[in-house]
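Counting begins at 1 with the first residue of the sequence.
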Amino acid sequence: MEGKGIFLVVLLLFSLVAISTAQICPEGSPKLFVFGDSYVDTGNWPKNVRGPWKEPFGKTFPGKPTGRASDGRVLTDHIASFLGIESPTPYQLRDTSKNIQQGLNFAYGGSGVFPSTWAKDSLSVQIDQFEQLLNENEYSQRDLDSSVALVSTGANDYSLYSAAKKGSDDGLPAFTEGLVNQLAADLQRIAHLGVKNIVVATLPLLGCLPVHIIPPNSYQNCDEESNKNAMIHNQLLQKAVEKLSTDDGNRCTFVILDLYNAMVSAIDQFRQNAANTEYKNPLQPCCSKIVDYMCSVEGVCTNPESSFFFDLGHPSDNGWNVIFSFLQGSLHKDLCGFIPYDAIQF
């Protein structure tokens, strides 16, 4: 699989660690604010429409649907655990929650950097919601001083672009440049609102998502053209984040979360261990029946905890576990000034 190691970000390969729930920040628990799409959405998708609030989502953990596009946990849950806090409350559920002091999740499944017909809450709209709460004094500057923003978005923008162009790459370089420029502007806006640590995920291994497998439904060969496009996006994102770090000096720490290469490593590891699992092919999703782009309960596999992908576009609970095992080393390295060493148990 091509592209491994193309980033300047070095993934330190740590074994999975147990994260202490002890207080991490000396002046209070960290706040986690989440922005993006279904890889980080934990419940903002409407409950009254078909989607992750319906079975079979949540089958592995906690045993019922929770609004996550997986059979269990998603990236947000792992980042929150790393920080020693519970996953932040979804923005849409804030009025019914007793606890928003550990942050809020503004991410919305199906959304992107640009507005779309798939989701009403683009990245800019999510930041608008955050800014409104700050204007209402829901969080203080002291809260923001011990805060982390997690941003994971962009994949849906490319899906919409491909659909509009009927698969043609005509104009793609200009689209990618515009997309990364807008994403960088949104990251800068979050920083200017007072968040001190911003973790931004790269695009995942787009060409190896089951929806892009060649030929369709074979689950054999990744679409290397989609992977190439993702790498180009990620390289531009890396440069944009480096520029933001320079422009903002030491006021904000920007961390690239190399989701692309973590997924490369995770799939390789899954293949190496395939002899001991029900799923021999990591590219074959647990869900075999898709209705309106969502997994149908009639098509879900018996043991989703053994799969790597839950449906055509989302890792399973097990998949996210493996992916995060290749991400946490770089997080610890790059956020070491924020998270004391003794907060992590090896």
Is there a side-chain contact (heavy atoms from CB on, under 4.5 Å) between His233 and Asn229? Walk through the geometry before answering. CA-CA 6 Å; His233 170 102; Asn229 294 337; over 6 Å; no

May I ask whether Leu150 and Ile100 are part of the same hydrophobic cluster, defined by side-chain heavy atoms of I, L, V, M, F, W, Y residues being less than 4.5 angstrom apart, directly or through others?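 Both belong to a single hydrophobic cluster.
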
Apply side chain to side chain donor-acceptor pair (under 3.5 Å) to residues Gln272 and Asp268 and explain how you reach the verdict. CA-CA 6 Å; Gln272 293 171 11; Asp268 285 348; over 6 Å; no

Of all heavy-atom pairs between [X] and [Y], which one has the smallest distance, and what is that distance?
X	Y	answer
Ser111	Gly36	OG-O, 2.8 Å
Val113	Leu179	CB-CD1, 3.4 Å
Gln269	Val322	NE2-CG1, 3.8 Å
Pro204	Leu259	CB-CD2, 4.0 Å

Checking Asn234 against Gln238: is there a side-chain donor and acceptor pair closer than 3.5 Å?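 Note: Gln238 and Asn234 side chains miss the donor-acceptor criterion.
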
Please tell me whether Ser226 and Asp223 have a donor and an acceptor in their side chains that are separated by less than 3.5 angstrom.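 Result is yes, a qualifying pair exists.
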
Sequence-distant partners of Asp41, side-chain contact (heavy atoms from CB on, under 4.5 Å), two or more places apart: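 Only Asn44, Trp45, Ala107 meet the side-chain contact (heavy atoms from CB on, under 4.5 Å) criterion with Asp41.
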
Validation row: Asn227, Cys208 side chains within 4.5 angstrom (heavy atoms):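 The answer is yes; the side chains approach within 4.5 Å.
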
Check against ring-ring contact (aromatic ring centres under 6.0 Å, His included), Phe57 and Phe310: CA-CA 9 Å; Phe57 293 94; Phe310 181 63; 5.5 Å; yes

Steps toward side-chain contact (heavy atoms from CB on, under 4.5 Å) verdict (Leu144, Leu134): CA-CA 10 Å; Leu144 298 181; Leu134 295 182; 4.1 Å; yes

Pairs satisfying salt bridge (Lys or Arg N to Asp or Glu O under 4.0 Å), at least one member in residues 314-331, at least two apart: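 Those involving residues 314-331 are Arg73-Asp317.
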
Got a donor-acceptor contact below 3.5 angstrom from the Asp311 side chain to the Cys287 backbone?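 No; zero donor-acceptor contacts below 3.5 Å.
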
Are the side chain of Arg94 and the backbone N or O of Tyr91 linked by a donor-acceptor pair below 3.5 Å?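 Present.
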
Salt bridge flag under 4.0 Å for residues Arg189 and Glu131: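 Yes, this pair counts.
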
Can you tell me which residue among Val40, Thr42, Ile79, Thr66 is in a side chain to side chain contact (heavy atoms under 4.5 Å, CB included) with Val74?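 So, applying the side chain to side chain contact (heavy atoms under 4.5 Å, CB included) to Val74 and each of Val40, Thr42, Ile79, Thr66, only Thr42 qualifies.
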
Member of Val200, Val151, Leu331 meeting the side chain to side chain contact (heavy atoms under 4.5 Å, CB included) criterion with Leu257: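 Considering Val200, Val151, Leu331, a side chain to side chain contact (heavy atoms under 4.5 Å, CB included) with Leu257 is found only for Leu331.
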
Is the ring centre of Phe130 less than 6.0 Å from the ring centre of Tyr139?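 Ring centroids of Phe130 and Tyr139 are no less than 6.0 Å from each other.
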
Is it true that atom CD of Glu55 has more than 12 heavy atoms of other residues, nucleotides or ligands lying nearer than 6.0 Å?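 Atom CD in Glu55 is not crowded, with 12 or fewer foreign heavy atoms closer than 6.0 Å.
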
Residue pair Ser140, Arg142: steps toward the side chain to side chain donor-acceptor pair (under 3.5 Å) verdict: CA-CA 5 Å; Ser140 67; Arg142 182 175 177 178; over 6 Å; no

